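What follows is a short report on a single structure.
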There are 2 protein chains.
Amino acid sequence: MPTVSSEELAAAAGVNSAKLRKDFSYLGSYGTRGVGYDVEYLVYQISRELGLTQDWPVVIVGIGNLGAALANYGGFASRGFRVAALIDADPQMAGKPVAGMPVQHTDELERIIQDNGVSIGVIATPAGAAQQVCDRLVAAGVTSILNFAPTVLTVPDGVDVRKVDLSIELQILAFHEQRKAGEEAADTMPAVAARKQPADKGPDGDVPAVMPA
Amino acid sequence: MPTVSSEELAAAAGVNSAKLRKDFSYLGSYGTRGVGYDVEYLVYQISRELGLTQDWPVVIVGIGNLGAALANYGGFASRGFRVAALIDADPQMAGKPVAGMPVQHTDELERIIQDNGVSIGVIATPAGAAQQVCDRLVAAGVTSILNFAPTVLTVPDGVDVRKVDLSIELQILAFHEQRKAGEEAADTMPAVAARKQPADKGPDGDVPAVMPA
DNA sequence: AGGTGTGAAAGGGTTCACAGCG
DNA sequence: CGCTGTGAACCCTTTCACACCT
């Protein structure tokens, strides 16, 4: 399929075709009237705009179950992320291979960041260690942090933090589950709970690509 | 601190106090004019509205690194989730304790769901197994699914699916990182990339009591 | 014709500003 | 007097509809 129309893409994504065209138009005029969008060219332009064509070295700090899961996560490489190092505070872990890569000790953190020009760090440590690790990452030059620890991190201006709370997704499901259960009683429910919502979005959410209602 | 004002809460949350008051007003009139909101009462009301006061048994299918990380995740219990069972297809895993709970074999899936009245399932299997597991969960009575596998699941109407893609969060960080790098060249950047964004929201970001849809 | 790109209209959500209550 | 609750103004996003290009 060498080209797609906004209509086809919109249907696949579950959005309005006008919205899709308007969104694309902010990136430039990459379509051809009467024809549609050249798939390969479009993919490249969007990838470039999103930064997927760059190589982003990242470090993962805290190689417990979650850190190991992240290290093994296949989706990273295909999106331009390269795991530059796995770091853990436990000396027992040092040298152990995880996802085909030896775990390094926290002592090496600063050197690793600098040697690899890492600007993105992933924190998968226990809550208690997160802020400290964060501070060291920032001091070493990291300017974006993905935080899986259940703590709110404090960072200086200019540093971005995104927090992933795995239980929030469950909470959203439970919220809808609750509504399903009390559907017939909808009239007596508060406005918020009763309001029908158009397929609400996940964390990828801003990527409705395929979110079934 | 027995009471808070909308102003204080708004500052803490990084939003406008009027928005906060309006949002709360959809839940009912739980504040006191001239005083503020009674903290304990407010927490209860919001918890109830979100379904946090209910007990939600969940099953986790696929006890690899990620599944184990989820099983150990402390945040669940405090939000009303109870891990009813850990399920894995590997017979070797059966009986092994993970997070103080024996892993059970996939053969038991249907029975476990029914015995525990589980309506929420978490899929942490490899991509190849996800749809099949999903089908079985749904057939057994699950109506909400949290999917960590990198696959788009197909489900019947009435079943909610939320997909968590761990790399998307990194992608968002990389996007901002890219902008930081090219800040001085902002004038020549496409409109989208150059546009200043109000501290955009994390995954928890799209969970304000009232979904911004 | 066929489908993009976009001005204009419509729709929603946020903020303002203040009445009203404790 | 202080702070909530909320109508109205405002602003941003989405959708419509069509001019315009291929």
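As the structure is a prediction and not an experimental result, all values here were calculated from the model. Residue numbers begin at 1 in each chain, while the letters A, B, ... track the order of the sequences.
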How many whole angstroms separate atom CG of B:Leu9 from atom P of D:dG5?
12 Å
Measure from CG on B:Leu27 to P on D:dT4 and round the result to the nearest Å.
15 Å
Whichever of A:Val4 and B:Val15 has its nearest DNA chain C nucleotide further upstream toward 5'
A:Val4
Checking A:Tyr73 against B:Asp165: is there a side-chain donor and acceptor pair closer than 3.5 Å?
yes
A:Pro156 meets the side-chain contact (heavy atoms from CB on, under 4.5 Å) criterion, sequence neighbours left out, with A:Val138, A:Val159
Show me the side-chain donor-acceptor pairs of residues 128-136 of chain B shorter than 3.5 Å, one per line, residues at least two apart or across chains.
residue	atom	partner	partner atom	Å
B:Gln131	OE1	B:Thr154	N	2.9
B:Gln131	NE2	B:Asp135	OD1	2.7
B:Gln131	NE2	B:Thr154	O	3.0
B:Arg136	NE	B:Glu110	OE2	2.9
B:Arg136	NH2	B:Thr106	O	2.9
B:Arg136	NH2	B:Glu110	OE1	2.9
B:Arg136	NH2	B:Glu110	OE2	3.4

If the cut-off is 4.0 Å, is B:Ser6 near the phosphate of D:dT4, judged by side-chain N/O to OP1 or OP2?
yes
For A:Glu8 and C:dG2, what is the distance between atoms CD and C1' respectively, to the nearest whole Å?
12 Å
Just N and O in the side chain of A:Tyr37: are any of them under 4.0 Å from OP1 or OP2 of C:dG5?
yes
Once you round it to whole Å, what is the distance between C1' of D:dG5 and CG of B:Leu42?
14 Å
For atom CD of A:Glu7 and atom P of C:dT4, their distance in whole Å
8 Å
Min side-chain heavy-atom separation A:Leu52-A:Arg48 under 4.5 Å
no
The contact string for nucleotides 16-22 of chain D, one letter per nucleotide 5' to 3', using protein heavy atoms under 4.0 Å with B, S and - for base, sugar-phosphate only and none, comes out as BB-BBBS
Sequence neighbours excluded and cut-off under 3.5 Å, please list the side-chain donor-acceptor pairs for residues 81-89 of chain A, or say none.
residue	atom	partner	partner atom	Å
A:Arg82	NE	A:Asp55	OD2	3.2
A:Arg82	NH2	A:Asp55	OD2	3.1
A:Asp88	OD1	A:Asp90	N	2.8
A:Asp88	OD2	A:Ile63	N	2.6

Rounded to the nearest angstrom, tell me the gap between atom CG in B:Asp38 and atom P in D:dT4.
13 Å
B:Leu20 CG to D:dC3 P: how many Å, rounded?
14 Å
From CG of A:Asp23 across to P of C:dG5 the rounded distance in Å is 12 Å
Going by salt bridge (Lys or Arg N to Asp or Glu O under 4.0 Å), name the pairs with one or both residues in residues 3-21 of chain A, residues two or more places apart or in two chains.
A:Lys19-A:Asp23
Could you pull out every donor-acceptor pair under 3.5 Å between side chains of residues 35-43 of chain B and any protein atom, sequence neighbours left out?
residue	atom	partner	partner atom	Å
B:Asp38	OD2	B:Glu40	N	3.4
B:Asp38	OD2	B:Tyr41	N	2.9
B:Tyr41	OH	B:Gln45	NE2	3.3

Please work out if A:Phe24 contacts a base, only the sugar-phosphate, or nothing of the nucleic acid, heavy-atom cut-off 4.0 Å.
nothing
